[in-house]
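Values reported hereafter were calculated over all heavy atoms of this structure, with side chains retained and with hydrogens, waters and symmetry mates removed. Each chain gets a letter, A, B and so on, in the order the sequences are listed, and its residues count up from 1.
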Protein chains: 2
Amino acid sequence: MGMSRWKPDAQTRLVQAALELYGERGFEQTTVAEIAQRAGLTERTYFRHFADKREVLFGGSTVFEETLIHAIANAPDVATPIDAVVVGLDAVAEAMFPPERHDYARRRQAAIMANAGLQEREQSKFASLVAALVVALGQRGVDEPTARLTAEVGVVIFKVAFERWVDGDQHLDLSQLIQESLRDVRGVTAGEGSAVGAAA
Amino acid sequence: MGMSRWKPDAQTRLVQAALELYGERGFEQTTVAEIAQRAGLTERTYFRHFADKREVLFGGSTVFEETLIHAIANAPDVATPIDAVVVGLDAVAEAMFPPERHDYARRRQAAIMANAGLQEREQSKFASLVAALVVALGQRGVDEPTARLTAEVGVVIFKVAFERWVDGDQHLDLSQLIQESLRDVRGVTAGEGSAVGAAA
DNA sequence: TACGCGATGACAGACGCTGACATCACATGC
DNA sequence: GCATGTGATGTCAGCGTCTGTCATCGCGTA
């Protein structure tokens, strides 16, 4: 029977409350105290779960990173660096961004796109991802300069694919969009003196 | 004698003071009030010159952007998108990062690398650069997806080259490092139908 | 001489974030 | 059972960031 002293899933409630309020009034017009109150908690407790006002929208980033790194470590030895990264991105797409999550992702992205500070944090997460990718590639024996550039390109591929996924219909498959994004990047950098290829 | 009511170059003094203090005590251990005081001003006046505590280290970003966009608009019509971007980056390198500035760049970069919040802002500036590049490439007739990816890759090229320039000896030429970085990126994405494909 | 402008100062206040200490259901060991 | 410890939360005080508002006053201009 024992109603526990506190309702469970405080963290989840905070995320939910924040997403609602950011959607209703916008990020800047929302105070942390309000988020906490809607979640049935106090401001102080909010800061025990999240480092700052922005971080509440980026809780999944560590799972993202771990999934990616793990998949890259297990990629076939014969895979080129960029292909290994894409394998990892596919694993993330499957594990974290199934069709059911499309709507949540849309609301979250809408909040981020409406505020410069949140975009800043998102950029920061991508940069952290690059750093993790460099380590993962290094463990595959990839030399540092190649690892760095492969990591950066890999993140670009994901950014573009994710953007298309969020903006598009929910039936689109993120893994497939990642493949398309990879092809596009190859097209961009292919030319020795490549003839532009203005076509879409 | 016309001692003006205020000393000139308030903005420059604020940047100088901030760079000194961030170097001496670190970013977080420095208050805006202290920066303003060292510059002979008040905290309120600091915020009239810079939007927030971080922005004092990123004043050059608009000049950077304008120089880049202008050079791209004037690049030869036959240049591929990525080559046009590199032409722009060379223009920036020449205009904003001559050898004399190497030491300033080093101190600034040291401050940024020592604080997550400042790195966040730097990432944000690069993202803004991507957006500007997309517009500039669009005006050259480049289609959107290609423009986006070219812009992202172009920024990666600059990031890597700039990093090498800052970390290296001052006699290194940034333009030259940009060319090397471009070659490296082409190497990374070169693979055509490279095997693997283990992906789902 | 009067007037407006522009850069700055002074002050109050909201909000983000942190440290320190108190509370109390629950688990654990005796 | 009973004492004790633990973990998540609440409460309170306080610093620092950032903004709105009004006052100051040298300078250019009519």
- Would you call A:D52 and A:R121 a salt bridge, taking side-chain N to carboxylate O under 4.0 Å as the test? yes
- Task: Grab the CH2-P distance between A:W6 and D:dG7 for me, whole Å please.
- Result: 12 Å
- Item | salt bridge (charged side-chain N to carboxylate O under 4.0 Å, His left out) contacts touching residues 16-33 of chain A (sequence neighbours left out) | A:E20-A:R38, A:E24-A:R38, A:R25-A:E34
- Side-chain donor/acceptor of B:H102 to backbone N/O of B:H171, under 3.5 Å: no
- Could you name each residue pair satisfying salt bridge (charged side-chain N to carboxylate O under 4.0 Å, His left out) that touches residues 100-109 of chain A, not counting sequence neighbours? none
- Message: Side chains of B:S124 and A:Q119 only: does a donor on one sit below 3.5 Å from an acceptor on the other?
- Response: no
- Quick check, are the ring centers of B:F126 and B:F64 under 6.0 angstrom apart? no
- Gap between atoms CZ and C1', on A:R13 and D:dA8 respectively (whole Å): 11 Å
- Query: Does the distance from a Lys or Arg side-chain N to an Asp or Glu carboxylate O, for B:D83 and B:R186, drop under 4.0 Å?
  - Reply: yes
- Item | Length of the NZ-C1' vector between B:K7 and C:dT8, whole Å | 14 Å
- Between A:F50 and A:F58, ring centroids under 6.0 Å: no
- Item | Side-chain H-bond candidate by donor/acceptor type, A:S175 with A:E94, under 3.5 Å | no
- Query: Near DNA chain C, which residues from residues 49-57 of chain B have a heavy atom under 4.0 Å away?
  - Reply: B:H49
- Task: Name every residue in residues 110-128 of chain B that has at least one heavy atom under 4.0 Å from any atom of DNA chain D, in order of residue number, or write none if there are no such residues.
- Result: none
- Task: Measure from CZ on B:R5 to C1' on D:dG26 and round the result to the nearest Å.
- Result: 6 Å
- Item | For DNA chain D, the residues among residues 21-44 of chain A that have a non-hydrogen atom under 4.0 Å from it | A:G40, A:L41, A:T42, A:R44
- Salt bridge between A:R54 and B:E120, side-chain N to carboxylate O under 4.0 Å? yes
- Query: Is the shortest side-chain N to carboxylate O distance from A:D143 to A:R148 below 4.0 Å?
  - Reply: no
- Looking at five pairs on each end of the helix from C:dT1-D:dA30 to C:dC30-D:dG1, what is the angle between the two axes, given to 10 degrees? 10°
- Task: Round to a whole Å and report the spacing from CZ of B:F47 to P of C:dG9.
- Result: 14 Å
- Distance-only donor-acceptor test, B:R48 side-chain atoms vs C:dG9 base atoms, 3.5 Å: yes
- Approximate separation, where rounding is to 0.5 Å, of A:I35 CD1 and A:E43 CD: 9.5 Å
- For this output row, return yes or no: ring centroids of B:Y104 and B:F97 closer than 6.0 angstrom. no
